Each structure stands twice: as structure tokens, then as C-alpha cells.
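Counting starts at 1 for both ligands and their atoms, following the listed order. Remember, it's a predicted structure, so these values are computed and weren't measured experimentally.
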Amino acid sequence: MSEYILETTSLTKKFGKKTAVDAVEMHVKAGEIYGFIGRNGAGKTTFLKMIANLLHKSNGDIKLFGSTDLTPARGRIGVLIENPGLYPAMSAYDNIKMKCILLGIKDSDKKIKELLELVGLEKVAKKNTKNFSLGMKQRLGLAITLVNDPELLLLDEPINGLDPQGIIEIREILLKLQKRGMTIIISSHILEELGKIANRYGVIASGQLIKELTRDQLEELSKNAIQIEVDDVAESIRVLKKLNIDNYDHEDNIFRIYDLNVDRAKLNSTLVVNGVLVSSIFEQSESVEDLFVDMMGGANYV
Ligand SMILES: Nc1ncnc2c1ncn2[C@@H]1O[C@H](COP(=O)(O)OP(=O)(O)OP(=O)(O)O)[C@@H](O)[C@H]1O
């Protein structure tokens with residue numbers, strides 16, 4: 001069986017000539033919180049809608065729970081995309097009850113109370129939802145999404161428009177759900193908040209999944225390092241070995257050395273003596289925020 005709960009291959013959606021999702025290959029493992037990051041219009045909602053069968057794909061494949069038989073698999077997911085769609089004249093309790101009735105769940109009282117408690121709305125259970133704050137509405141929407149005990153939750157911008165307290169509340173609920181074994185995909189353009197809870201990230205820009213990386217990889221990238229750009233990778237590796245520098249990695253011709261005590265002048269001159277052209281050498285410390293901005297195409301990207 002596939003190690004992924006969700007796996008897409010070349011998943012594509014075109015609206016006329018516009019390619020909103022462009023050959024996306026996403027990989028989500030069981031138990032992860034997957035942060036799906038991209039600017040407005042990058043293609044997050046369109047992607048999630050295809051997974052949830054709210055939009056037909058133009059091309060590519062979707063595998064859910066290791067299977068391409070998506071009808072039963074979709075019964076195991078919960079979806080909160082765009083507004084929660086509440087009945088404003090009904091109480092929080094009755095809004096959840098409506099979903100239970102729709103799904104044919106009988107004797108739902110215990111379940112409804114548990115869900116209200118999970119999302120911190122037990123004290124306002126009998127109040128009409130029309131006077132709820134945005135945060136309360138989102139939490140109720142989440143509770144409704146959980147009625148069928150989904151194993152995978154798709155949340156599209158669930159913290160959009162929430163105040164800091166509202167964001168913290170949603171974050172805590174998601175962490176509780178993860179502890180229970182749920183897998184969660186959460187899309188957002190608010191990088192900082194995802195940075196705190198996600199285990200894996202997918203960065204999307206102009207419909208393309210630019211990068212997938214784990215939290216460990218992200219932390220590694222945001223560690224302080226001496227960064228050097230060289231013209232000869234093989235020779236540089238030999239020089240680093242000669243200088244007993246082994247705490248480094250490199251991507252193409254850019255090396256990142258994580259030992260900040262390395263003598264930069266000596267490093268530079270040794271490389272040059274060995275025929276390596278060094279086009280830059282500097283200490284780099286990039287915040288997680290900056291890293292994401294870079295991956296999404298820079299601060300001025302539109
Ligand atoms: N039904 C549609 N018809 C035509 N174009 C569409 C349609 N839905 C989305 N698009 C376009 O596809 C692109 C991706 O939109 P999408 O809503 O998926 O992005 P997003 O990352 O979710 O951004 P946002 O958070 O602003 O919704 C955008 O350029 C959008 O204008």
C-alpha cells in the first residue's frame with residue numbers, strides 16, 4: 001500500500017485557457033498537518049476542490065488512502081472550503097444536528113456535545129449562530145465537518161480574517177485532532193501561523209507546486225550558515241575536506257556551511273588557490289517567513 005494518504009500525479013485544472021492548477025504532485029502522509037502555502041490566486045482552492053470532487057479535474061490522477069477508487073475514499077474525508085454554510089437562525093447545536101440528520105446519524109446528542117466541547121462552543125450551544133463572531137462560525141464549521149469522523153480533513157484558509165485569538169483557537173483544535181490521528185491539509189497565505197503547526201509544507205505559485213519540504217528541512221534551511229557560490233562543485237568539495245569542514249550541504253553550486261567559526265578568509269583563499277572561482281561568500285540567516293516568500297517567487301511576485 002502507498003505510504004501516502006493523498007497522492008496526486010500531474011493534477012491539472014484548466015478554466016478555458018487559464019491553467020489554475022498545473023501538473024501538481026502532492027504527497028501527504030498519515031497523521032501529518034500539511035501546510036499548503038500560496039498567495040491569493042495561486043490555485044489552492046481549485047486544487048482542494050478537485051480532491052473533494054467539487055470540481056472536475058482536467059488532467060492527472062488522484063489517489064486517496066492508496067486507492068484510485070475515489071467514491072468510497074471521499075467518504076473518509078471532511079471538507080471545509082470557503083464559508084461554513086451555517087443556518088443563521090438556528091443554534092450551534094441544531095446546525096450540527098442538521099448535518100447528522102443529512103448523514104442519517106441517529107442518537108447524535110452525545111456526538112454533538114462532544115464536538116461542541118472540542119471546538120469550545122459548548123457554552124453557546126443553544127445560541128443562534130447569526131450573532132457569532134467569525135472565529136466562532138469557523139469553529140462551528142469545523143465541528144460540522146467532523147460529524148462523519150473523517151480521517152483526512154481539507155481546510156481552505158480556515159484562519160482567513162480571524163483575529164490572533166481566533167487563530168490560536170483554531171490552531172489548538174487542529175493540534176488536538178492531529179493527536180487523535182487525523183491527517184489535515186490546511187491552505188493559507190499566512191505563513192507564520194502554518195509554520196507553527198505543520199509537519200510538511202507544499203508551496204504553490206501560479207498553479208505549480210514549487211516545493212514540498214518537511215519541517216526539519218525547513219528548519220535546516222533557515223539555520224544560520226556561511227553561504228558560498230562557486231564555479232567548481234567537485235573541487236570545492238575536495239577543498240572543504242582538506243580544511244576538515246564537514247558540516248555543510250550544497251544545492252548545485254551554492255554551498256551552505258553550518259559551522260560559523262570557519263575562517264572565511266582562509267576558506268576563500270584556499271578555494272581560489274585550488275582554482276575555484278568564488279563569486280560570493282557571506283553569512284546567511286533567513287527567517288522561515290523569508291524562505292517562503294522566496295519560494296513563492298519573491299516579495300514582488302503577483
Ligand atoms: N471558476 C473559475 N473560472 C475561471 N477561473 C477561475 C475559476 N476559479 C478559479 N479561477 C482562477 O484560477 C486561479 C486559482 O484560483 P484559486 O481560487 O484556486 O486560488 P487560491 O490559491 O485558492 O487563492 P484564493 O485564496 O484567493 O482563493 C485564479 O487565477 C482564479 O482567478
- Candidates R139, K176, E172, E169 - the one meeting side chain to side chain contact (heavy atoms under 4.5 Å, CB included) with V119: R139
- Task: Under the ring-ring contact (aromatic ring centres under 6.0 Å, His included) rule, collect the residues that match up with Y93, sequence neighbours excluded.
- Result: none
- Query: Would a hydrophobic clustering, with Ile, Leu, Val, Met, Phe, Trp and Tyr connected at side-chain separations under 4.5 Å, put V24 with L55?
  - Reply: yes
- Message: Distance under 4.0 Å, heavy atoms only, partner ligand 1: which residues pass?
- Response: F15, K18, A20, R39, N40, G41, A42, G43, K44, T45, T46, E157
- Task: List the atom of I37, the atom of K44, and the distance in Å for their closest heavy-atom pair.
- Result: C-CD, 4.2 Å
- Do P150 and L152 come within less than 4.5 Å of each other through their side chains, counting heavy atoms only? no
- Task: Report the C-alpha distance between Y201 and Q217 in whole Å, list the side-chain angles of each, state the deciding distance to 0.1 Å, and finish with yes or no for side chain to side chain donor-acceptor pair (under 3.5 Å).
- Result: CA-CA 10 Å; Y201 309 86; Q217 286 168 326; over 6 Å; no
